[in-house]
There are 4 protein chains.
Amino acid sequence: MKPLARIPGMRLLHSPGPTRVPDEVVNAMARQPTDLADARLPLLISACESGMKALLQTERADVFFYAANGHGGWEAVIANLVAPGASVLVPGTGHFSDDWAEQVEAFGGRAVRTPYVEGRPIDPAAVEAVLRDDTGHRIGAVFVVHTDTASGTTCDLAALRGAIDAAAHPALFVVDVVASLAAAPFAMDALGVNVAIGASQKGLMVHPGLAFVAADARAMEVARGNPTPRFYWDWLRRQSDLSYRKFCGTPPLAHMAGLEAALGLIAAEGIANVHARHARLARAVHAAVNAWSESGTLRLFTTVASARSVSVTAIEVSPGIDAEALRTVARERFQVAVAGGLGPLHGRVFRIGHLGDMNEAMILGCLAGVEAALRAQGIAVGKQGVEAAIAALVDATA
Amino acid sequence: MKPLARIPGMRLLHSPGPTRVPDEVVNAMARQPTDLADARLPLLISACESGMKALLQTERADVFFYAANGHGGWEAVIANLVAPGASVLVPGTGHFSDDWAEQVEAFGGRAVRTPYVEGRPIDPAAVEAVLRDDTGHRIGAVFVVHTDTASGTTCDLAALRGAIDAAAHPALFVVDVVASLAAAPFAMDALGVNVAIGASQKGLMVHPGLAFVAADARAMEVARGNPTPRFYWDWLRRQSDLSYRKFCGTPPLAHMAGLEAALGLIAAEGIANVHARHARLARAVHAAVNAWSESGTLRLFTTVASARSVSVTAIEVSPGIDAEALRTVARERFQVAVAGGLGPLHGRVFRIGHLGDMNEAMILGCLAGVEAALRAQGIAVGKQGVEAAIAALVDATA
Amino acid sequence: MKPLARIPGMRLLHSPGPTRVPDEVVNAMARQPTDLADARLPLLISACESGMKALLQTERADVFFYAANGHGGWEAVIANLVAPGASVLVPGTGHFSDDWAEQVEAFGGRAVRTPYVEGRPIDPAAVEAVLRDDTGHRIGAVFVVHTDTASGTTCDLAALRGAIDAAAHPALFVVDVVASLAAAPFAMDALGVNVAIGASQKGLMVHPGLAFVAADARAMEVARGNPTPRFYWDWLRRQSDLSYRKFCGTPPLAHMAGLEAALGLIAAEGIANVHARHARLARAVHAAVNAWSESGTLRLFTTVASARSVSVTAIEVSPGIDAEALRTVARERFQVAVAGGLGPLHGRVFRIGHLGDMNEAMILGCLAGVEAALRAQGIAVGKQGVEAAIAALVDATA
Amino acid sequence: MKPLARIPGMRLLHSPGPTRVPDEVVNAMARQPTDLADARLPLLISACESGMKALLQTERADVFFYAANGHGGWEAVIANLVAPGASVLVPGTGHFSDDWAEQVEAFGGRAVRTPYVEGRPIDPAAVEAVLRDDTGHRIGAVFVVHTDTASGTTCDLAALRGAIDAAAHPALFVVDVVASLAAAPFAMDALGVNVAIGASQKGLMVHPGLAFVAADARAMEVARGNPTPRFYWDWLRRQSDLSYRKFCGTPPLAHMAGLEAALGLIAAEGIANVHARHARLARAVHAAVNAWSESGTLRLFTTVASARSVSVTAIEVSPGIDAEALRTVARERFQVAVAGGLGPLHGRVFRIGHLGDMNEAMILGCLAGVEAALRAQGIAVGKQGVEAAIAALVDATA
């Protein structure tokens, strides 16, 4: 096995991010930079701002773009919203809620957690209970990971909004849509979301390196009163018509150009069609895994069917099966790159990303390659995995 | 069905040419032109000449490159070798031998044909018989299509060389390797091939638009004595150290740059590895079709197993099945583009290309997409097609 | 001097072809091939056909595209129009009329020439005289090079049309617009041109490797009656709605995609604006050379001011000056690539290409780099060369 | 003037950053992402780390890369080194030292400034004086902008090192090499620099969006003791062999791939050659401006000749001259994009960037285009500007 030799053909990338970058985005990112006074720059920024608002379905939030990754997006939210000693409720979703809570604490905030139950989404009742208990309204915000990439579990944002409302709690509703945006439906204003955070390298189909935060007036008000030292992340400094201010220095031109192109592709396909495509491909993956699982060697990690992400599917393997060795074989012998388990799930799960610039042939190639790797590793699986995926797609598009 | 909307993801291209162009070739072709006196130009041409000789396994032939497609390559051979009224033996391989013979006749040559039997390669005995009968040695050359792209059938060049030798006939041995080069083994000098013709868009993984002819001293001698009017195609004029002469005008710089890159990729992978990869992927395709064929609705067109091409597989469907409708569904609903039948085979066969920049995941995605299209069209097929392909690949790489 | 090391920045390409390829064309050529049954292919071909007709200003000619260079375009014209023994008038323009006449003769045609006078365009009176003398109308066509790239001299097509008409001669009017199209005005139908030939790599801003011929009904009629053997070049075979027939085999997809993009750029700029831009940049070059020429060491090769090409300027150097050494210094030390003299002009002239994807800053960089090379070589020139070019541009755009 | 129409040819970009991105870097950035467990990822990161250390000439510092711009790089330094209430000496260089000091203060630090004198570099004596006065060693670091992009003035790092040593002060020596790296010589270890900060979009020839910080053991020790809340910027968390930790989340793959390519180009040219080229091109710019300045309407802003940056040249115009209108004309009519004045210099200066992927022809095209704009605006300038630049280049390369 020589992983560093050139790979014939295209390796199928089924990481849940970074995802495949479409040619149109590649070409946009390949454009030479403009000087910063070029009239094309404000047009580019404006197109990204309005396109992102349309995608988020918000009219009332401001969008801030950062040269940063998703953790940078989180830091922007924390630095602007979490004053030293302030409390934030971070409902448990697994790896990413743990990480975010840790980052809150690194800034001197207090992270209140609800318990995470493997295979299940956030329990709105638990959220409601914590908020009802917080009679002093010390919790300033609820930080929700919409889809936890590590588990492939998606929570029900409308139910969480309902929980906050039922508790009559004034906490800001802050949602990380990094792994769900442009894959699953999201409507910021209708859901009463005050802050949304995302990144470029997943459903947005752009290389990693760009994060964004959309913040409404209530969130901006909290930021205004927050003494936490910050400059690069500071929303207030970035509220400007000057591009240099908007980006706290030089804008990441190539990423913005890529984003403009990607937003154009999404709009051209139609956001409802994009969502339907993701749901269709996800069903094919679920069908395959369910068929494989008849042998008892593996299974869908998310047990609540309605909470299975349309972006990424985590597959749990039985003890004694080496998920990492399986991935290596899938990648190096069959040219399918899938993701591994994060944190405590390392070695217990592998994950198939099926979001972004993806279609039927690609997901079938992925599933068949994974099945080949399972067999090459001698892992017994129900034989009709790919067949089941095919059947799901044939039905879906009939 | 809206075929002109942007296709999410990458449509899997399983035409037997043009084939996928690797990024390295894309980048090479994207380089800005040099001026024609730039020192990089002769280096580029020289690299293509020596790389092509290495690939053809010839030390004694000259290589001529043409801005042209494969039919242009044929025309170069005809214009240089076929004097008005001269005879050429064109053993029947189906569509492409018919086309080539017709082109010979358009130049006033006489094309002697051996019969073509569907599903079978050229019969060396028939070639030997024709040559033995030609006691006056009026036949100047034998024009052999190594792999007929229309049928996916490959002939046995060593056996054909043997047939010419057995007849003790001085005819030139002229081989079209358009569809086989860089997929199946070929050794020009060892086979006693006098002229080889190829094109860029198949195993060479370059966009269509470049053809080449390799001609040895005996072929050049024939060309020297041939009065057929020609200029662009003329080997004698092109025998020069001047790039302007070599190409009869401006060289097709981007294609030459692409070819240099492609030859580099082939050399880096190792030609034996390239051949083994093609054989492995072809076996997977054959396994799938054989599994599907249990239902009796379709079958491998090439019945002689040893003659099945490693580049392309033709699949015959039973009467009443609309192969073209199947292809449309495969392309438009499942994002797999396969080829149709040419000439008399139109509607009777469809063809899966599996040559060039291709790997396991891609061919599995193709086969699964084709199976989905078969089912969507209600064509009963044996259920284990993709499973059989997976098994073939797992065995192959074990 | 290490010509093969990577060159920092962009070397300015001032060859008169190949010329700089715009990003939009690069991106179009980088698209993966489609299978040949893809609905996008006929749309692509149709866009190129209609775009090319619009550019040529013809409604009555058919356009044929060839994977070939400009000499291939010539061969298409000769093979279709020149029967063995037939006569063609090729008015002298220097290098390229000589070449074309030689190619006619290689096909068994008879090339009647008018004398070429250095520095001057074709003399319409000489053409008229030859045609008047040809009372038997044995001359079937007049083959005119609109702009001879070797001399940078452009002839007056309207005057030549007038000469043919004045002689009341039925010869076809065949015009090579390789070096002039999309740079200087051309109106095929209005000029009564029966056949126009061009290539991709000059004003059309596409990599070399694509030629085209536009032929009207009279030309097609001549082709129909012409027994010259041909297949690849044959217009009659290519008159088809099938893409495979149109291109005599696989179409050069990348070049067609590039051409579609280039035609779109030209249409977006506006053809009149394109012409005006070329004229403006040419005037800057002429101004610089005239200023330099005050020292007597060099001069504009085309002495008739109205015949100076807007595409390329040939500059004659005095005996004792090594034009080739000058070019090497310009290219290797100052990163400006200019062309040399062809044939008898080798060493006597160098040439600055100023056509295609070119603007003010680029041509000024070229002229300044050439002036630097002149000085580095110790060639005395009038000092205000670049200043004169600047003044010409400032005036032009005022 | 229609600034948004497509620009024929290439607009010459003479911003001091972002700068032109070489094809090799464009291609590297266009590569599809890998999954994060791909063996190519650690190789990529390692190549960037070792290449950057070689460029910085450090063996003892760790390099941290951030998806961020240069201000993000500053924030990383501040967040790690400046505890609340701590003092930093920021010697005045103009716009960028002001900005950096403001950012220090936003984090609760105290910024001690030395006075800035227009046209002059940092005065080492002033630095020494402040440090000598700081007998209690409350100043933890000296933050030096090597080249202030706004003024085009470069300070003498060796002299500043000497000043710190002369004062026997333990402050960290922190240098912003954003605008100077890969243009002017820099040797981190030899200069006793503890921290260096840079960004991708200038001498490194990569699109904006990547920043880096190199920190030695003394700096890491300070970071370790600093309670300032931070996570994304935190050097200690990033000190890891895991790519996910190194980048605090998903690495900016495209930028890292671009950087690897760019570092390869610099190494291939040879860093000494890169420096010499920058010096040569800068001398040409200075020669042109000096020639123009004979009319008294404009002049080099940096009056101390030895302090003129090899990256960017600021040109001051006389009162009554509209520098911004001049830039618009240069960009829109002559296709040369130069930068404007920042902060208090807005309208008073314009700036020519001459760093990165730049060569002789490009800088001459820029200067000639600027001269054209000067004339088009009716600004009297000494006539021999471009001539002087040519002469400088001819002499330089002789």
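Predicted, not measured: the structure shown is a model, and the values here were computed from it.
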Enquirer: By number, which residues in residues 364-374 of chain C have some heavy atom less than 4.5 Å away from chain D?
Expert: Leu364(C), Gly365(C), Ala368(C), Gly369(C), Glu371(C), Ala372(C)
Enquirer: Can you tell me how far apart CD (Glu360(D)) and CZ (Arg333(C)) are? Round to the nearest 0.5 Å.
Expert: 9.0 Å
Enquirer: Using 4.0 Å as the upper bound for N to carboxylate O, is an ion pair formed by Arg6(C) and Asp357(D)?
Expert: yes
Enquirer: Quick check on Ile363(D) against chain C: is it the side chain, the backbone, both or neither that has a heavy atom closer than 4.5 Å?
Expert: neither
Enquirer: Return the CZ to CG distance between Arg375(D) and Leu393(C), rounded to the nearest 0.5 Å.
Expert: 11.0 Å
Enquirer: Could you pull out all residues at least two apart from His354(D) that satisfy ring pair (Phe, Tyr, Trp, His ring centres under 6.0 Å)?
Expert: none
Enquirer: Top residue by heavy-atom pair count (under 4.5 Å) with chain C, among Met10(D), Met205(D), Arg277(D)?
Expert: Met10(D)
Enquirer: Heavy-atom distances under 4.5 Å only: say whether Glu24(D) touches chain C with side chain, backbone, both or neither.
Expert: side chain
Enquirer: Under a 4.5 Å heavy-atom cut-off, does chain D meet the side chain of Met358(C), its backbone, both or neither?
Expert: backbone
Enquirer: Nearest 0.5 Å, what's the CE-CG distance between Met362(D) and Leu12(C)?
Expert: 7.5 Å
Enquirer: What residues form a side chain to side chain contact (heavy atoms under 4.5 Å, CB included) with Glu294(C), not counting sequence neighbours?
Expert: none
Enquirer: How many angstroms lie between atom CD1 of Ile7(D) and atom CD of Glu269(C), to the nearest 0.5 angstrom?
Expert: 11.0 Å
Enquirer: Do Phe334(D) and Val394(C) come close enough that some side-chain heavy atom pair is under 4.5 Å?
Expert: yes
Enquirer: List the residues meeting side chain to side chain donor-acceptor pair (under 3.5 Å) with Asn359(D), not counting sequence neighbours, and say none if there are none.
Expert: none
